[in-house]
2 protein chains.
Amino acid sequence: MKAHGMAGHLIRRLNQVSTHVFSQHMQEAGLDLTPVQFAAMDAIATHPGIDQASVAAHIAYDRATIGGVIDRLEQKGFVARNVSKRDRRAREVRLTDRGQEVLDEILPVVTALQEEILTGLDDAERQTFLRLARKAIGSLPDQTG
Amino acid sequence: MKAHGMAGHLIRRLNQVSTHVFSQHMQEAGLDLTPVQFAAMDAIATHPGIDQASVAAHIAYDRATIGGVIDRLEQKGFVARNVSKRDRRAREVRLTDRGQEVLDEILPVVTALQEEILTGLDDAERQTFLRLARKAIGSLPDQTG
DNA sequence: CGCAAATAGTAAGTATAGCTATTAATTGCT
DNA sequence: AGCAATTAATAGCTATACTTACTATTTGCG
């Protein structure tokens, strides 16, 4: 079990806990949204009419994955997609009224649940952890093509 | 982009960087091993003859996922599986000679690559980060059924 | 012993997550 | 204008990751 204390393993575990806490709270809220779907909706809300590739860039995903995510958001009726007039290759994505409603409802829940992800840490430790995480990511080149 | 600074998002990004660094180095080493496959091999090497459910428990995965992982390790010839004599439901898993060879070869590479995951942090920060990550995980109940 | 409960593994289904390749459209350069 | 390079999206492929359901065993208990 040499792998146990390694950074990669710890980070994977944290991610596992994170997604678990997320879906737990979504379920309690009676909504079936994944972390990625939430992140995508958040990006779309902030940039209405954004194209899929830009959504992917904003939340650091690759284009292929985002396509599927937006497919499912569209099926749920949270997002609408139409061909851009400026560039007929691109799809402009927007939240529907229902999508905006859901996002407004869910944002405070998601904000609150963040603390639970790092339950084992006290406030000061949590701040330190987040500061270091931001620093570690901020100083790295984008990993997504 | 309210989601950007949130713990969940940062952790997802870190995990993304982590797996990216990992596969980069595996590719350079001429091996096609994923982080999970490595973790599984490490657990199996430490507990020869372990059953699949225990492998899953050791690295915090669920049984169904581990089944597929071990399938692929078996296909690569790194792992051998046979029905336990004590419990005919269980499969005893062991590294093959080739599997042990590969693990021996890869362990130092994997150990070395851990630092690269947290490239943006200096030594002290890296230690702090890992300590807090361990604490955050250690104090949480097992998320896997 | 006999049978209900628990357990190991697999199967099927959904959702990431990323890769390469392909198609369609746009841009940049000459 | 003409064409190469680029770009947006999708398709197909592989590998996680977790859920519920199912089969085969084994265990625990009366």
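Convention: sequence-line order gives letters A, B, ...; per-chain numbering from 1.
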Side chain to side chain contact (heavy atoms under 4.5 Å, CB included) between B/Glu115 and B/Leu118, intermediate numbers included: CA-CA 6 Å; B/Glu115 287 197 12; B/Leu118 300 170; over 6 Å; no

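Contact annotation for B/Thr34: backbone-only contact, meaning every heavy-atom pair under 4.0 Å involves sugar-phosphate atoms and none involves a base.
In this structure, B/Ala64 and B/Asp87 both approach DNA chain C, and ranking their closest nucleotides by distance from the 5' end singles out B/Asp87. For the pair A/Asp51 and A/Thr19, both in contact range of DNA chain D, the more 5′-proximal nearest nucleotide belongs to A/Asp51. Summary of the strand contacts: A/Arg12 and A/Asp71 both lie near DNA chain D, and taking for each the nucleotide with the nearest heavy atom, the more 5' one is attributed to A/Asp71. Annotation: of the two residues near DNA chain C, A/Lys85 and A/Arg72, the 5′-most nearest-nucleotide partner is A/Arg72.
Nucleotide C/dA15 holds its C1' atom 14 Å from the CG atom of A/Asp62, rounded to whole Å. Separating the CZ atom of B/Arg91 from the P atom of C/dT7 is a distance of 18 Å, rounded to the nearest angstrom. Rounded to a whole Å, the CD1 atom of A/Ile66 is 17 Å from the C1' atom of D/dA11. As rounded to whole Å, 17 Å separates atom C1' of C/dT16 from atom NE2 of B/His20. Rounded to whole Å, atom C1' of C/dA8 lies 12 Å from atom CD1 of B/Ile70. Rounded to an integer number of Å, the gap from CD of A/Glu92 to P of D/dA8 is 13 Å. Distance CZ (A/Phe38) to P (C/dA15): 19 Å, rounded to an integer number of Å. As a whole-Å value, the separation of B/Leu33 CG from D/dT14 P is 17 Å.
For B/Gln52, the listed nucleotide lying nearest its side chain is C/dT10; candidates were C/dT10, D/dA15, C/dA8. For A/Gln16, whose side chain is taken as the heavy atoms from C-beta onward, the closest listed nucleotide among C/dG9, D/dT26, D/dC18 is D/dC18. Minimum atom distance to the side chain of B/Val36 is reached by D/dT16, of the listed D/dT16, D/dC18, C/dA15. Nearest nucleotide to the B/Arg63 side chain, out of C/dA8, D/dT10, D/dT19: C/dA8.
A salt bridge does not link A/Asp51 to A/Arg89: none of the charged side-chain nitrogens sits closer than 4.0 Å to a carboxylate oxygen.
Listed in residue order, the members of residues 73-83 of chain A having a heavy atom less than 4.0 Å from DNA chain D are A/Arg81.
For the 3.5 Å distance criterion, the side chains of A/Arg13 and A/Gln16 qualify, holding a donor opposite an acceptor. Between the side chains of B/Asp62 and B/Thr65, at least one donor N or O lies within less than 3.5 Å of an accepting N or O.
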Under 3.5 Å, which donor-acceptor pairs link side chains of residues 97-104 of chain B to any protein atom two or more places apart or in another chain?
from: B/Arg98; atom 1: NH1; to: B/Glu101; atom 2: OE1; distance (Å): 3.4
from: B/Gln100; atom 1: NE2; to: B/Asp104; atom 2: OD1; distance (Å): 3.1

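Aromatic ring pairs are classed by plane angle as parallel below 30°, tilted from 30° to 60° and perpendicular above 60°; the pair B/Phe38 and B/Phe22 is tilted. Ring-plane geometry between A/His4 and A/His9 is classed as tilted, the angle between the planes lying from 30 to 60 degrees on a 0 to 90 degree scale.
Pairs engaging residues 107-130 of chain A under the ring-ring contact (aromatic ring centres under 6.0 Å, His included) rule: A/Phe129-B/Phe129 [sequence neighbours left out].
Side-chain to base pairing of B/Arg89 with D/dT26: no donor and acceptor N or O lie closer than 3.5 Å to each other.
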